[in-house]
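Read through the structure below, which is laid out as structure tokens, and then see the notes.
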Amino acid sequence: MHLFRPILSAFVLTFALALSGAANAQISAPPANAFVDGSGSSSLSIPFIVPRLSPDLALATYERGLKEQSGELAGYTANVRIDAELPSSSQKAEFELQRTYTAPGRLEFRPLKFVGDRFVKANVIVRLLEAEVSHVQKHEQAQTAITPENYKFSYKGMAQLNGTSVHVFEVKPRHKRVGLFKGKIFVDAASGQLLRAEGRAVKSPSVFIKRIDFVQDYATIDGFTFPTHLHSETKTRLVGKAIVDIFHTDYHPLIQTAEKSTLAGQ
């Protein structure tokens with residue numbers, strides 16, 4: 001994705017205006033916030049101002065980046081750790097795997113380490129993995145992507161997310177489809193990159209599942225946006241609440257070029 005071009009242009013414009021103003025000013029003495037060293041020289045402390053995109057531009061930048069990523073990302077590998085818990089029975093399990101995705105329809109998991117309750121592994125973790133593999137094999141990613149084709153966006157204002165200024169958008173699905181949700185997304189106000197999505201699934205994937213609430217965080221790695229942590233709480237009809245945390249680390253993206261796929265950053 002080439003998300004940094006409009007950001008760089010905005011910064012250059014801001015910096016140029018600052019220099020222009022400084023050149024036209026008449027300086028007769030160091031300002032009060034200047035530091036004067038022993039030689040009598042002074043240095044002015046100028047606060048760094050991060051450029052901020054308008055809500056519409058931030059959303060458009062996010063949407064453009066998503067389209068570019070779908071065309072440029074040939075695949076990736078990552079490490080995954082899945083923590084699952086059934087609080088009502090105090091059953092827990094932790095499963096570590098290596099995840100390999102090859103565009104457009106191949107997803108594989110290689111087990112690395114497992115500890116905990118095998119019932120939770122078989123009936124919670126493995127079922128999640130099987131559902132995700134099936135989703136990719138059926139090429140259903142476009143049907144659940146956070147895009148204008150699937151959602152209506154409504155701007156709700158600015159907020160701080162882990163120290164970053166973000167634009168907050170309410171999202172409402174255009175269809176009642178498994179994999180879609182009603183909630184919010186948080187887009188970096190400086191870069192237009194997706195940082196978080198949260199909400200509630202609008203359609204249950206099974207008659208045994210009553211409700212799914214989730215929060216998913218994202219990060220940009222080598223120009224591509226990937227999920228890094230998913231926290232979900234599912235209310236089931238058989239075993240009560242199921243709590244799942246999925247952590248993705250050590251991403252290695254593959255870029256699709258005209259000749260071949262290459263590792264990002266190489």
Side-chain angles (χ1 to χ4, degrees), residues 78-101 105-147 150-152 161 168-186 194-219 226-249:
N79 292 330
V80 182
R81 192 186 89 222
I82 304 176
D83 298 339
E85 177 184 3
L86 301 177
S88 61
S89 58
S90 300
Q91 293 171 284
K92 299 180 181 181
E94 179 182 306
F95 203 3
E96 295 181 13
L97 311 100
Q98 183 182 63
R99 175 190 182 105
T100 301
Y101 169 71
R106 186 176 180 180
L107 179 62
E108 297 176 327
F109 292 96
R110 181 168 68 88
L112 300 176
K113 179 183 177 182
F114 172 78
V115 294
D117 186 274
R118 294 194 174 276
F119 176 86
V120 175
K121 176 185 177 183
N123 292 278
V124 179
I125 299 178
V126 172
R127 288 178 181 269
L128 285 174
L129 298 176
E130 290 175 343
E132 188 171 8
V133 170
S134 175
H135 178 70
V136 172
Q137 289 177 341
K138 294 177 181 178
H139 302 274
E140 295 175 340
Q141 298 96 312
Q143 298 179 17
T144 57
I146 307 174
T147 61
N150 295 325
Y151 290 94
K152 297 178 181 179
L161 181 64
V168 183
F169 296 89
E170 182 181 67
V171 293
K172 293 183 179 179
R174 297 182 182 275
H175 314 281
K176 192 173 183 180
R177 178 189 300 153
V178 173
L180 300 183
F181 70 97
K182 181 179 180 181
K184 298 177 181 178
I185 63 170
F186 301 79
L194 180 65
L195 298 183
R196 174 174 289 179
E198 64 180 35
R200 176 172 294 179
V202 296
K203 185 175 182 179
S204 172
S206 168
V207 295
F208 301 107
I209 296 177
K210 298 172 66 176
R211 186 175 70 233
I212 303 174
D213 296 306
F214 78 96
V215 177
Q216 177 141 280
D217 291 322
Y218 297 82
F226 293 109
T228 55
H229 177 215
L230 169 68
H231 174 81
S232 67
E233 297 188 5
T234 302
K235 189 174 182 180
T236 74
R237 300 183 188 278
L238 298 178
V239 295
K241 180 186 289 188
I243 301 175
V244 176
D245 282 276
I246 304 177
F247 302 90
H248 298 82
T249 59

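In this chain, residues are counted from 1 in sequence order.
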Distance-only, no hydrogens or angles: does the R174 side chain make a donor-acceptor pair with backbone N or O of Y151 under 3.5 Å?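 Here the side-chain-to-backbone pair exists.
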
Look only at the side chain of N150 and the backbone of A142, and say whether a donor-acceptor pair between them is shorter than 3.5 Å.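 The answer is yes, because a donor-acceptor pair under 3.5 Å joins these two groups.
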
What are the two closest heavy atoms between [X] and [Y], and how far apart are they?
| X | Y | result |
| --- | --- | --- |
| T144 | G179 | CG2-CA, 3.8 Å |
| F95 | K113 | CD1-O, 3.2 Å |
| R196 | L161 | NH1-CD1, 3.4 Å |
| L180 | Q143 | CD2-O, 3.5 Å |
| P227 | H248 | O-CB, 3.4 Å |
| A197 | F214 | O-CE1, 3.5 Å |

If you apply the rule side-chain contact (heavy atoms from CB on, under 4.5 Å), what do you find for F114 with K121, and how did you get there? CA-CA 9 Å; F114 172 78; K121 176 185 177 183; 3.5 Å; yes

Can you measure from [atom1] ([X]) to [atom2] ([Y]) and round to the nearest 0.5 angstrom?
| X | Y | atom1 | atom2 | answer |
| --- | --- | --- | --- | --- |
| I246 | L128 | CD1 | CG | 6.0 Å |
| L97 | I125 | CG | CD1 | 8.5 Å |
| T236 | F208 | OG1 | CZ | 10.0 Å |
| I243 | D83 | CD1 | CG | 11.0 Å |
| K203 | H175 | NZ | NE2 | 12.5 Å |
| T228 | Q216 | OG1 | CD | 7.5 Å |

Note, F181 side chain near I212 side chain (heavy atom, < 4.5 Å):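 With C-beta onward as the side chain, the pair stays apart.
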
Student check: side-chain heavy atoms of S204 and K210 closer than 4.5 Å: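 Sidechains of K210 and S204: no contact.
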
Quick test of your reading of the model: are E108 and R110 salt-bridged, counting only N-O distances below 4.0 Å?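 No.
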
Any salt bridge between E140 and R177, counting N to O under 4.0 Å?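 Here E140 does not pair with R177 in a salt bridge, since their nearest N and O are not under 4.0 Å apart.
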
Would you sort out whether V168 and F186 count as a side-chain contact (heavy atoms from CB on, under 4.5 Å), showing the intermediate values? CA-CA 5 Å; V168 183; F186 301 79; 3.6 Å; yes

Run V244 and L230 through side-chain contact (heavy atoms from CB on, under 4.5 Å) and show every step you take. CA-CA 8 Å; V244 176; L230 169 68; 5.9 Å; no

Aromatic plane relationship, H229 with F247 - under 30° parallel, 30 to 60° tilted, over 60° perpendicular: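 F247 vs H229 ring planes: parallel.
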
Going by the rule salt bridge (Lys or Arg N to Asp or Glu O under 4.0 Å), which residues pair with R200 if we only count those two or more places apart in sequence or in a different chain?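 Result, salt bridge (Lys or Arg N to Asp or Glu O under 4.0 Å) vs R200: D213.
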
Set out, in order, the CA-CA distance, both residues' side-chain angles and the distance that settles side-chain contact (heavy atoms from CB on, under 4.5 Å) for V239 and N123, then state yes or no. CA-CA 10 Å; V239 295; N123 292 278; over 6 Å; no

According to the salt bridge (Lys or Arg N to Asp or Glu O under 4.0 Å) rule, which pairs have a member within residues 230-240, sequence neighbours left out?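 As it turns out, the salt bridge (Lys or Arg N to Asp or Glu O under 4.0 Å) pairs with a partner in residues 230-240, which skip direct neighbours, are E233-K241.
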
Pick out which of K92, Q91, E94 makes a side chain to side chain contact (heavy atoms under 4.5 Å, CB included) with E85.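 Filter result, single survivor: K92.
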
